[in-house]
Amino acid sequence: MKKYILTATVIIFCIACNNQTDKGPPADTTTTGKKSAPVDNPDYDAGLDLVAKSDCFSCHKLNEASIGPAYGEIAKKYENNPANVTLLATKVIAGGQGVWGQVPMAAHPAIAKEDAEKMVKYILLLKE
């Protein structure tokens, strides 16, 4: 019975990941036509580019919980410091479970550590 429940959960999770309509952040432009960043920081653009090219927006949204926590909530929970950047980049690569609920975050072993850190730096800049 447990096998059937686990299988059904995995199938539902996969279907939910593939049916997300929010494939990235909204196009936020200023009067100059450039996207506005929360701060003038090169980590914002570099991280956003990597996140947008990945599957992150399948499970995460900017300001509302989805399958995973909202990026804004992650930024509120973790102070933007080198220790947390390393911690969260490791979670991006290795995956994890339990901090934000029981739905596991998939591992992304193909993402380089430096890229994962850039992605995390972008997310932590989204703190309101």
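Sequence positions, counted from 1, serve as the residue numbers for this chain.
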- Message: A side-chain contact here means heavy atoms from C-beta on lying under 4.5 Å apart; do Leu62 and Phe57 qualify?
- Response: yes
- Message: Counting C-beta onward and ignoring hydrogens, is there a side-chain heavy-atom pair between Val85 and Tyr78 closer than 4.5 Å?
- Response: no
- Are Met105 and Trp100 side-chain neighbours, meaning at least one heavy-atom pair lies under 4.5 Å? no
- What are the two closest non-hydrogen atoms of Ile93 and Lys113, and how far apart are they? CD1-CA, 3.7 Å
- Message: To the closest 0.5 Å, what do you measure between OG (Ser54) and CG (Asp115)?
- Response: 10.0 Å
- Message: Rounded at 0.5 Å granularity, tell me how far OH in Tyr122 sits from CG in Leu50.
- Response: 11.0 Å
- Query: Could you state the interatomic distance from CD1 (Ile111) to CD (Glu117), rounded to the nearest 0.5 Å?
  - Reply: 12.0 Å
- In Å, rounded to the nearest 0.5 Å, how long is the span from CD1 of Ile74 to NE2 of His60? 5.5 Å
- Message: One pair to check against side-chain contact (heavy atoms from CB on, under 4.5 Å): Lys77 and Val99. What are the steps and the verdict?
- Response: CA-CA 11 Å; Lys77 182 175 180 110; Val99 176; 3.9 Å; yes
- Task: Check whether any side-chain heavy atom of His108 sits under 4.5 Å from a side-chain heavy atom of Asp55, and report yes or no.
- Result: yes
- Evaluate the side-chain contact (heavy atoms from CB on, under 4.5 Å) criterion for residues Tyr71 and Leu124: first the C-alpha distance (whole Å), next the side-chain angles of each, then the deciding distance (0.1 Å), finally the verdict. CA-CA 8 Å; Tyr71 285 149; Leu124 295 180; over 6 Å; no
- Kindly compute the distance separating NZ (Lys121) from CG (Asn80), expressed to the nearest 0.5 Å. 8.5 Å
- At their closest point, which heavy atom of Ala94 faces which heavy atom of Ala107, and how far apart are they? O-CB, 3.3 Å
- Query: Rounded to the nearest 0.5 Å, how far apart are CG of Asn84 and CD1 of Ile123?
  - Reply: 12.5 Å
- Query: Looking only at heavy atoms, which two atoms of Ala75 and Leu126 are closest? And how far apart?
  - Reply: CB-C, 3.9 Å
- Answer yes or no: is there a side-chain heavy-atom contact under 4.5 Å between Cys56 and Met119? yes
